[in-house]
2 protein chains.
Amino acid sequence: MSHYTDPFRGEFDSLEEFADRVSDVLQCPVTIEDANHRLIAYSAHDDYTDPARTATIISRRVPEKVINSLWKQGTIPALLKSREPVRVPPIPDVGLGSRVAVSIWKNDEVIGFIWVLETNRTLSPEEMEWLKLAAKTAKNKVLQLYMRKNKKEERVQELFWKLLTGHIATEDEIRAHLAAMQIPAAPQFAVVVFRFAADLTVEMERQISYLLQTTQQLPLLLYTTDGRDVILLAAPKTTDQPLKELNGFIESFAAKMKERFHIHDVQCGFGGVYGAYRFIEKSYREALAVLAFKEKFGDEIRSVYGYAQLGIYQFFDFLLEQKRQGEWANPALEKLQSYDRKHHSDLVKTFETFFDHNENVQETADALNVHPNTLAYRLKRITDIAEIDMTDMNQKIKLYIDIKLAKYEARG
Amino acid sequence: MSHYTDPFRGEFDSLEEFADRVSDVLQCPVTIEDANHRLIAYSAHDDYTDPARTATIISRRVPEKVINSLWKQGTIPALLKSREPVRVPPIPDVGLGSRVAVSIWKNDEVIGFIWVLETNRTLSPEEMEWLKLAAKTAKNKVLQLYMRKNKKEERVQELFWKLLTGHIATEDEIRAHLAAMQIPAAPQFAVVVFRFAADLTVEMERQISYLLQTTQQLPLLLYTTDGRDVILLAAPKTTDQPLKELNGFIESFAAKMKERFHIHDVQCGFGGVYGAYRFIEKSYREALAVLAFKEKFGDEIRSVYGYAQLGIYQFFDFLLEQKRQGEWANPALEKLQSYDRKHHSDLVKTFETFFDHNENVQETADALNVHPNTLAYRLKRITDIAEIDMTDMNQKIKLYIDIKLAKYEARG
DNA sequence: CCGGTTTTTGTGGATTTCCACAAATTAACC
DNA sequence: GGTTAATTTGTGGAAATCCACAAAAACCGG
């Protein structure tokens, strides 16, 4: 094929026009997406599209489950690796018919995709080459869009930082700014922070951004990064169980980071869920607090992400301060500790573990590798030595808190 | 009988001498006690005494169990009412042989007792009259002792107040003062405060003092009063389970106040058990804190006396302060509360009660008058509405604390 | 007042806890 | 090194919890 026969020569006013042209050439419906699978353009005069394409056009983004399938099935990894068109077998589960795709490149980076739906025909090898050519031709247009988006993105990030640091005071002012940036209002939201093992590289940032953009579990209003942190403003859809939603999102995000990009070691915390924008700063501080605690109490609160689930740790900073200045003694704990030292026993740890496991005898015994009766014996011993009443939740709680607080202090 | 034949005429150098004289006249062992059953004097040249008397002389006070028997059996009440001698049948349980007793009066107040042990004889009516006369004669001598004791008592009380208010700084200085007042050293102690319904009357003060003086459950180093408070420095004998000892003492004190003097409505609190005198002030403050909490959380901590048993309430003042200045929100609690308001339900109370009863299903269901399954249902409801995980002690504790804290704030 | 939802109570059975007692093992102290 | 005390493990039966399912009863919005 020579460039003399290039069917995509000439000027195109818009990407829509270009999509139509490609569609004309290949006699198939065509969709153009950016690197994050957001719809950029699509060919209009098609008689047939599959459900996946319809959904993509309606919501202006590829449905997440479709993206997931394409990842699992290997199409997207292939597109990210090679500039060659890739044929995608149908995936009826997600309403995806047979299609051919190619990635759009700028230097070494993929900045978009062209999808061709093979409705009632199969592309010939020559047509596949044309498609490749189309991808090259699309590059500049897509890039312009990219630049515009990036500019906007920068302004949005600046706004986000102002919110995170509490530099915009009134609710109305915040609303005005957000509206100006086309950021939709949300009845409630929380700041989510992902913290990686090391400072983010450009490559990682792209991968993260990709994951976040393609996530549809819950709307993400704002996004920025800071050193090794990725900071989001997430808006749970239900007022009913927002925490559940956030937890689900975080776990799936972490799972995907691992699966697709082999990045482990992602910590995460999110602050309180609030309904007024002026609490963004607070939610951010809380998210950071969660991360700080996770560093100190790694084991205990591994599966905790939300500030609300931090439970008693929420006021540990206060308590510690109190403990340090005042004479905060817990004779019960001291007695147990001195007993442990003297008899090389593990009463404190036993009690702590017992509570860590929700006072469940079986679980605790397993965790400590002892017989349930041993546990019972030790607990009875604790009641005697520490003079605490195991039927009095109040006293038990106090001891538990003091144990954890001592740990916190030691690691402080 | 005329006063011409008064066998107790003349001067006596000491009460010992007088006791011997009475013993000579009545041909029986004689013991003289003050109003609080402390030994003042006893006749020396007796061939036989019963175990109760021996014990009294050895420890310079009547054993508590003997006093208890004499109260139960009616002797002491009788002596406190009438100036007539009273015959006491033997009480073998406490080693008490048959005896005759008479009270020593000053105006309308009993200031002491004379006990005559009927070893191998029974006093004749005439001898009973002599005994009555002896009581009259003893009055002045006993009174002198009383005055001296009161003077000393005043100085001791002054010292106690200095300790309670932290006006003596160094440990050595405190030790010196206590030694000068003949107050024995103790390895550990706590400040105990009894609070009565109204300001103490002279009469009540005497009764309280009587009870405290005759208590031998644990040594009381210092004693004073303040409005409706009686303040003690108590020294538990065992370092092992001092709290148990203190609790026992308090409960028996309250029981006796009720039984013997029909005084109910005695609140009590005691501070931490410390080993250094400079902590007396702290222990006192803690005791007062316990009483303050008991006023607000009457039901919940009815059976709590010790600061150590206050558990989480210990840091409630502090938390409340935080809550009031910062924005301390618990979305979980708020959701529950709003649900309760909307549906006229009792989820918050249910959870609170559940924890008050140590997460015991049966007990809680009884306390709330509902079926155990109802309780289970409500708890499940709570997990959904408040989005808290009932298998996570940490979150449960946080909610519990916030519930109690809200209560505390409301009553603050 | 009706129809659907929420709440309460009931039943039964598998599982767990609780308790008391005892044997076996370990630690501690002359 | 031997003896006592402390700790761990085992056994068995009564009691309590947990769970699923279902029938009442109460509540609510139209």
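- Here B/Arg378 reaches the OP1 or OP2 of C/dT8: one of its side-chain N or O atoms lies under 4.0 Å away.
- Side-chain N or O atoms of B/Glu64 include one that pairs as donor or acceptor with a backbone N or O of B/Gln216 at under 3.5 Å.
- Exactly one of B/Asn373, B/Thr383, B/Thr350 qualifies for a side chain to side chain donor-acceptor pair (under 3.5 Å) with B/Arg378. That residue is B/Thr350.
- With B/Lys396 contributing its side chain and B/Asp389 its backbone, the two residues share no donor-acceptor pair below 3.5 Å.
- We find the CD1-CG distance between B/Ile280 and B/Leu233 to be 5.0 Å, quoted to the nearest 0.5 Å.
- The distance between atom CG of A/Asp384 and atom P of D/dA5, rounded to the nearest whole Å, is 17 Å.
- None of A/Phe315, A/Tyr408, A/Tyr305 except one satisfies the ring pair (Phe, Tyr, Trp, His ring centres under 6.0 Å) rule with A/Phe293; the exception is A/Tyr408.
- Contact check for A/Glu251 versus A/Asn247: no side-chain heavy atoms found under the 4.5 Å cut-off.
- Rounded to an integer number of Å, the gap from A/Ile385 CD1 to D/dA6 P is 10 Å.
- To the nearest angstrom, C1' of C/dT17 lies 13 Å from CG of A/Leu379.
- Atom CZ in B/Arg381 sits roughly 8 Å away from atom C1' in C/dT6 (whole-Å rounding).
- One interatomic measurement links the two molecules: CE of A/Met390 to P of C/dC19, which rounds to 13 Å at whole-angstrom precision.
- Straight-line distance from the NZ atom of A/Lys380 to the P atom of D/dA6: 12 Å, rounded to whole Å.
- The six-membered or imidazole ring of B/Phe189 lies near that of B/Tyr277, with a centre-to-centre distance under 6.0 Å.
- Remark: side-chain polar atoms of A/Asn358 are not paired, donor with acceptor, to backbone N or O of A/Asn360 under 3.5 angstrom.
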Dump every N/O contact between nucleotides 16-20 of chain D and the protein below 3.5 Å, one line per pair.
unit_1, atom_1, unit_2, atom_2, d
D/dT17, OP1, B/Asn360, OD1, 3.3
D/dT17, OP1, B/Val361, N, 3.2
D/dT17, OP2, B/Gln362, OE1, 3.1

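- Taking five base pairs at each end of the helix from C/dC1-D/dG30 to C/dC30-D/dG1, the local helix axes there meet at an angle of 60°, rounded to 10°.
- In this structure A/Asp356 satisfies the side chain to side chain contact (heavy atoms under 4.5 Å, CB included) test together with A/Glu300, A/Glu352, A/Tyr400, A/Lys404, sequence neighbours excluded.
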Practice task
Given side-chain hydrogen bond (donor to acceptor under 3.5 Å, both in side chains), test B/Thr238 with B/Glu245 step by step and report yes or no.
Solution key: CA-CA 8 Å; B/Thr238 66; B/Glu245 237 177 284; 2.9 Å; yes
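- Annotation: ring-ring contact (aromatic ring centres under 6.0 Å, His included) contacts of B/Tyr339 (sequence neighbours excluded): B/His343.
- In terms of the ring-ring contact (aromatic ring centres under 6.0 Å, His included) criterion, A/Tyr307 has no residue partners (sequence neighbours excluded).
- Comparing C/dT8, D/dT7, D/dT8 by their nearest atom to the side chain of A/Tyr339 picks out D/dT7.
- Side-chain N/O atoms of B/Thr374 include none lying less than 4.0 angstrom from OP1 or OP2 on C/dT7.
- OP1 or OP2 of C/dT7 has at least one side-chain nitrogen or oxygen of B/Tyr377 nearer than 4.0 Å.
- Note: CD1 (A/Ile382) to C1' (D/dT7) measures 14 Å, nearest angstrom.
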Practice task
If a protein heavy atom is under 4.0 Å from the base, mark B; if only from the sugar-phosphate, S; if neither, -; do that for nucleotides 23-30 of chain C going 5' to 3'.
Solution key: --------
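- In this structure, NE2 of A/His371 is placed 7 Å from P of D/dT9, rounded to the nearest angstrom.
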